[in-house]
Amino acid sequence: MREDALSNAETAATDAEFVRARRGEYGEYALTVTIDRPDARNALNAQVRTELARVFDAVERDDEVRVVVLTGSDEAKAFVAGADVRELRERSAVEQHEASERPRIYETVAGCSKPVVARVNGHALGGGCELAQACDVRLAREDAKLGQPEINLGIIPGGGGTQRLTRLVGPGQARKLVLSGELVDGAEAAEIGLVEEARPADELDERVADLVGKMASKSPLALARAKEALRAATRMDLDSGLAYESELFVGLFDSHDKNEGIDAFLEGRDPEWRGE
């Protein structure tokens with residue numbers, strides 16, 4: 001692909017109002033997907049969700065993308081400040097049931113075959129915290145604010161916040177956050193396991209680039225199989241998970257990338273991955 005040509009995922013965002021997609025910011029094979037709705041602090045309304053889903057659908061067909069970085073625009077000073085409360089206020093139970101039909105954007109992000117790294121550059125509250133939880137890895141600013149404050153509005157988390165949060169931080173911490181509506185900063189979020197790392201604002205991008213660069217340098221086929229196996233670990237009992245891991249492992253032995261990776265290691269050179 002020519003350097004000036006847009007990839008499938010970048011093209012999918014060209015007509016979007018609130019979502020941007022650009023390769024290269026964190027490496028050749030990394031796509032940065034940015035939510036850019038600063039007037040509403042990147043709140044997730046129906047249009048944002050639709051535009052995000054369109055970009056992630058294109059990611060699945062994009063050989064130029066191996067890793068996705070999901071973040072909020074710095075102008076908004078937020079990752080995602082939450083769902084659009086005005087939309088929620090106007091919906092009846094029937095309308096919300098229709099809006100909650102799966103796959104929602106949370107399932108779309110979690111189900112992406114390629115690693116998704118959340119760059120939590122500001123507030124990640126309610127639906128924003130749930131969107132970060134749907135990513136594979138979360139790197140946050142130390143001064144970011146995260147939490148599930150839905151209880152303050154007379155509702156509960158509805159985008160996975162009672163389920164993914166419990167799996168990430170454990171039942172006690174999840175209950176504390178959900179039942180109180182308390183927020184934690186990035187540093188505390190790292191301590192309890194809500195994010196993997198918290199960094200000072202001026203160090204966040206360097207760490208994102210470092211981690212994403214390492215991921216993107218790997219075989220895209222192996223990345224997809226590894227993510228699939230890791231995802232199974234939260235859904236299967238141990239014996240079933242071990243058997244599934246073995247199937248995925250053995251399946252790679254007929255791939256070009258497995259032979260190329262081993263040959264490159266033995267020959268002391270960088271591998272040339274094909275994703276096949």
Side-chain angles (χ1 to χ4, degrees), residues 18 33 35 37 40-50 52-53 56 70-72 76 78-112 116-141 144-196 198 231 234-235:
F18 299 126
V33 178
I35 301 168
R37 193 186 175 209
R41 303 196 71 190
N42 294 341
L44 291 175
N45 66 357
Q47 184 173 343
V48 172
R49 295 168 195 262
T50 297
L52 276 176
F56 271 88
L70 180 60
T71 191
F79 176 74
V80 170
D84 193 309
V85 177
R86 289 183 175 82
E87 279 191 348
L88 300 181
R89 178 62 182 85
E90 298 303 318
R91 287 177 185 159
S92 66
V94 171
E95 291 169 334
Q96 185 57 48
H97 187 272
E98 292 175 353
S100 296
E101 289 183 356
R102 301 172 69 182
R104 303 162 299 176
I105 189 56
Y106 312 105
E107 288 81 34
T108 298
V109 170
C112 181
V116 183
V117 176
R119 173 185 176 267
V120 184
N121 58 314
H123 282 39
L125 308 179
C129 192
E130 291 169 314
L131 187 62
Q133 291 164 34
C135 297
D136 297 296
V137 179
R138 290 151 291 279
L139 303 179
R141 283 177 48 149
K145 295 292 185 181
L146 300 93
Q148 303 291 162
E150 291 91 341
I151 200 79
N152 298 325
L153 303 178
I155 55 177
I156 68 171
T162 65
Q163 304 301 305
R164 291 192 180 93
L165 183 61
T166 299
R167 287 163 170 77
L168 286 171
V169 304
Q173 291 286 358
R175 290 168 185 153
K176 183 178 75 171
L177 292 172
V178 171
L179 299 177
S180 71
E182 284 186 352
L183 308 183
V184 295
D185 61 23
E188 185 176 351
E191 291 176 4
I192 65 175
L194 177 50
V195 303
E196 280 60 56
R231 189 163 51 208
T234 63
R235 302 178 180 179

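No hydrogens, no waters, no symmetry mates; every other heavy atom, side chains included, goes into these values. The structure displayed is predicted, hence computed values, not measured ones. If you read the sequence from its start, that first residue is 1, and numbering goes on from there.
- Not one N or O on the side chain of Gln163 forms a donor-acceptor pair closer than 3.5 Å with the backbone of Gly160.
- With rounding to the nearest 0.5 Å, the separation of CG in Leu125 from CG in Asn152 is 10.5 Å.
- The minimum heavy-atom distance linking Val169 with Ala174 is given by the pair CG2-N, 3.6 Å.
- Inter-residue side-chain proximity for Leu168 and Arg138 is flagged as met; some heavy-atom pair is nearer than 4.5 Å.
- Judged by distance alone, with hydrogens and angles left aside, the side-chain atoms of Asn42 form no donor-acceptor pair with the main-chain N or O of Ala81 at under 3.5 Å.
- Between Leu70 and Phe79 the shortest side-chain heavy-atom distance falls below 4.5 Å.
- Around atom CZ of Arg175, no more than 12 heavy atoms belonging to other residues, nucleotides or ligands sit under 6.0 Å away.
- Of all heavy-atom pairs between Ala198 and Gly186, the closest is CB-O, 3.3 Å.
- Expressed to the nearest 0.5 Å, how far CG of Asp185 lies from NE2 of His123 amounts to 11.0 Å.
- A 6.0 Å sphere centred on CD1 of Ile156 holds no more than 12 heavy atoms belonging to other residues, nucleotides or ligands.
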Pair Leu52-Thr108, side chain to side chain contact (heavy atoms under 4.5 Å, CB included): steps then yes or no: CA-CA 9 Å; Leu52 276 176; Thr108 298; over 6 Å; no
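- Looking at every heavy atom in both residues, Glu150 comes nearest to Gly127 through OE2-N, 4.0 Å.
- Atom CD of Glu182 sits about 12.5 Å away from atom CD1 of Ile151, to the nearest 0.5 Å.
- Closest heavy-atom contact between Tyr106 and Leu44: OH-CD1, 3.9 Å.
- In this structure, Arg41 and Ala78 approach most closely via the heavy-atom pair O-CB, 3.6 Å.
- Within the 4.5 Å cutoff, side-chain heavy atoms of Leu194 are placed close to those of Cys129.
- Annotation: side chain of Asn45 is in contact with side chain of Arg37 (closest heavy-atom distance under 4.5 Å).
- The closest donor-acceptor contact from the side chain of Arg104 to the backbone of Arg49 lies at 3.5 Å or more, if one exists at all.
- The shortest side-chain heavy-atom distance between Gln148 and Gln133 falls under the 4.5 Å cut-off.
- When every heavy atom of Thr166 is checked against every heavy atom of Thr162, the shortest pair comes out as OG1-O, 2.7 Å.
- Not a single donor-acceptor pair under 3.5 Å links the side chain of Arg119 to the backbone N or O of Thr71.
- From Glu188, atom CD reaches atom CD of Gln173 across 7.0 Å, with rounding to the nearest 0.5 Å.
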